[in-house]
Visitor: 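The structure's right below; bear with me while I get my questions together.
In what follows, every chain begins at residue 1, and chains take the letters A, B, ... in the order their sequences are listed.
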Amino acid sequence: MNKIEYSLDTRQLSSDIVQWFHDNKRDLPWRQSEDPYHIWISEVMLQQTQVDTVIPYYNTFVSRFPTLNDLAYADEETVLKTWEGLGYYSRARNLQKGVREVVETYGSKVPDNKKDILSIKGIGPYTAGAVLSIAYHQPEPAVDGNVMRVLSRVLLIDDDIAKARTRLLFENIIYDLIPETDPSGFNQGLMEIGALVCKPKQPKCDVCPIAAHCLANEEGAQLEYPVKKKKTPPKPLYFAVVVPQDQHQRVLIQKRPDKGLLANLWEFPMISVEPEQDNLDGIIECEMKNRYNIIVKPKDIETTVTHIFSHIKWHLNVYTADISTVGEDGETYRWVKEAALDSFPFPVSHQKVMKYIKAN
DNA sequence: GAAACGTGGTT
DNA sequence: TAACCAAGTTT
């Protein structure tokens with residue numbers, strides 16, 4: 001890693017950022033606390049997620065799990081239900097794992113040093129820096145997408161910010177910028193400028209507190225930065241979704257595996273199929289018999305649901321099916337009344353499916 | 001190092 | 001509207 005050459009009044013830049021932050025910061029729920037546990041929750045929720053989306057989840061989560069110990073001793077299912085709809089569900093499970101580590105290993109006190117806090121599940125370089133600087137006032141960098149966008153423009157850095165190594169470059173720059181007097185205001189100020197002023201598409205350079213320091217502004221090259229490799233579009237996958245109903249008006253739901261996509265969330269049974277595959281009745285009957293020991297009579301396709309993840313696009317053909325006996329629960333599946341579906345954590349994709357079930 | 005991992009908002 | 005984006009971490 002080369003030491004970047006930049007001629008810059010670092011002292012002035014830092015104080016401009018801190019000053020602007022204290023004059024312009026938004027009133028956000030997690031800014032009313034310096035409890036490291038609260039900061040931790042907010043930073044995990046904010047990973048790859050916008051502030052407006054996080055606010056209601058944060059409020060609900062903190063009122064349901066007010067202390068670190070409350071979360072540590074909660075059921076994972078309850079935690080996932082509280083996280084339902086927020087996405088990246090491993091964040092919730094890792095947060096609880098992490099909190100349990102803190103209870104067992106650190107006497108319920110969030111570690112205040114880099115080595116220990118970085119060892120905690122779900123806490124990476126960004127979150128570690130955020131908690132250390134915001135809750136413990138330590139001069140550690142917290143490099144997120146905002147920070148890289150702002151600094152790449154200020155300093156005309158054209159390294160690909162999609163590469164993991166690039167983060168180190170920005171961390172090294174920040175070690176030279178971050179003030180001992182207010183590392184929290186500095187880190188949050190840099191992010192806040194990124195969120196409110198130095199936006200990706202329409203940067204408001206006319207009101208930017210650090211425009212005078214910004215090389216991209218000087219050259220009119222704001223939109224050339226940051227440099228970022230394009231992502232490949234989501235890969236399409238096709239499924240038959242089967243909603244079996246028994247004689248007691250109960251439907252069958254299945255718990256997903258504890259690893260991978262939507263881990264430990266619930267869904268209606270899914271069968272992987274080919275895009276153009278039709279005449280699925282035989283396959284559905286066979287799979288339902290093998291998996292759940294039920295004899296189903298599939299009806300026509302009820303509806304079609306599509307759902308786009310970051311890397312996958314699901315095409316779901318939804319079938320309802322009656323069984324002429326009473327369903328029995330298994331290790332990873334349950335027969336539940338429609339009204340009871342709401343107590344299980346479902347991904348948004350299957351909330352869409354559920355909407356049609358409840359309408360009929 | 002690159003892909004997996006969710007969802008909703010914006011342009 | 002089809003990308004692109006958003007306070008990243010894990011494998």
Visitor: Is the closest side-chain donor-acceptor distance between A/Trp266 and A/Glu77 under 3.5 Å?
Guide: yes
Visitor: If the P atom of C/dA3 is compared with that of B/dG6, how far apart are they to the nearest Å?
Guide: 22 Å
Visitor: Determine whether the side chains of A/Thr49 and A/Arg91 contain a donor N or O and an acceptor N or O closer than 3.5 Å.
Guide: yes
Visitor: If I pick the C1' atom on C/dA6 and the same atom on B/dC5, what distance separates them, to the nearest angstrom?
Guide: 15 Å
Visitor: side-chain hydrogen bond (donor to acceptor under 3.5 Å, both in side chains) between A/Gln47 and A/Thr127: does it pass, once the steps are laid out?
Guide: CA-CA 9 Å; A/Gln47 289 166 12; A/Thr127 304; 3.0 Å; yes
Visitor: Classify every nucleotide of nucleotides 4-11 of chain C by which part a protein heavy atom approaches to under 4.0 Å, writing B for the base, S for the sugar-phosphate alone and - for neither, in 5'-to-3' order.
Guide: SSBBBSSS
Visitor: Provide the distance between the two P atoms, one in C/dA7 and one in B/dA3, to the nearest whole Å.
Guide: 23 Å
Visitor: Could you check A/Ala164 against A/Lys352 and say which one's nearest nucleotide on DNA chain B is further toward the 5' end?
Guide: A/Ala164
Visitor: Any heavy-atom pair between the side chains of A/Asp159 and A/Phe170 that's under 4.5 Å?
Guide: no
Visitor: Hey, where on DNA chain B does chain A first and last touch, going 5' to 3'? Cut-off is any atom under 4.0 Å from a heavy atom.
Guide: B/dG1 to B/dG9
Visitor: Find which nucleotide of DNA chain B each of A/Lys163 and A/Gln202 is nearest to by heavy atoms, and output the residue with the more 5' nucleotide.
Guide: A/Lys163
Visitor: Got a donor-acceptor contact below 3.5 angstrom from the A/Asp16 side chain to the A/Ile210 backbone?
Guide: no
Visitor: Counting the atoms with a prime plus P, OP1 and OP2 as sugar-phosphate, which does A/Leu262 contact under 4.0 Å by heavy atoms, base, sugar-phosphate, or nothing?
Guide: sugar-phosphate
Visitor: Establish, from distance only, whether the side-chain atoms of A/Thr332 and A/Gln254 form a donor-acceptor pair under 3.5 Å.
Guide: yes
Visitor: Angle class for the A/Tyr58/A/Trp30 ring planes (parallel below 30°, perpendicular above 60°, tilted otherwise)?
Guide: perpendicular
Visitor: Whether the A/Ser119 and A/Asp116 side chains hold a donor-acceptor pair (N or O, under 3.5 Å, no angle test) is what I'd like checked.
Guide: no
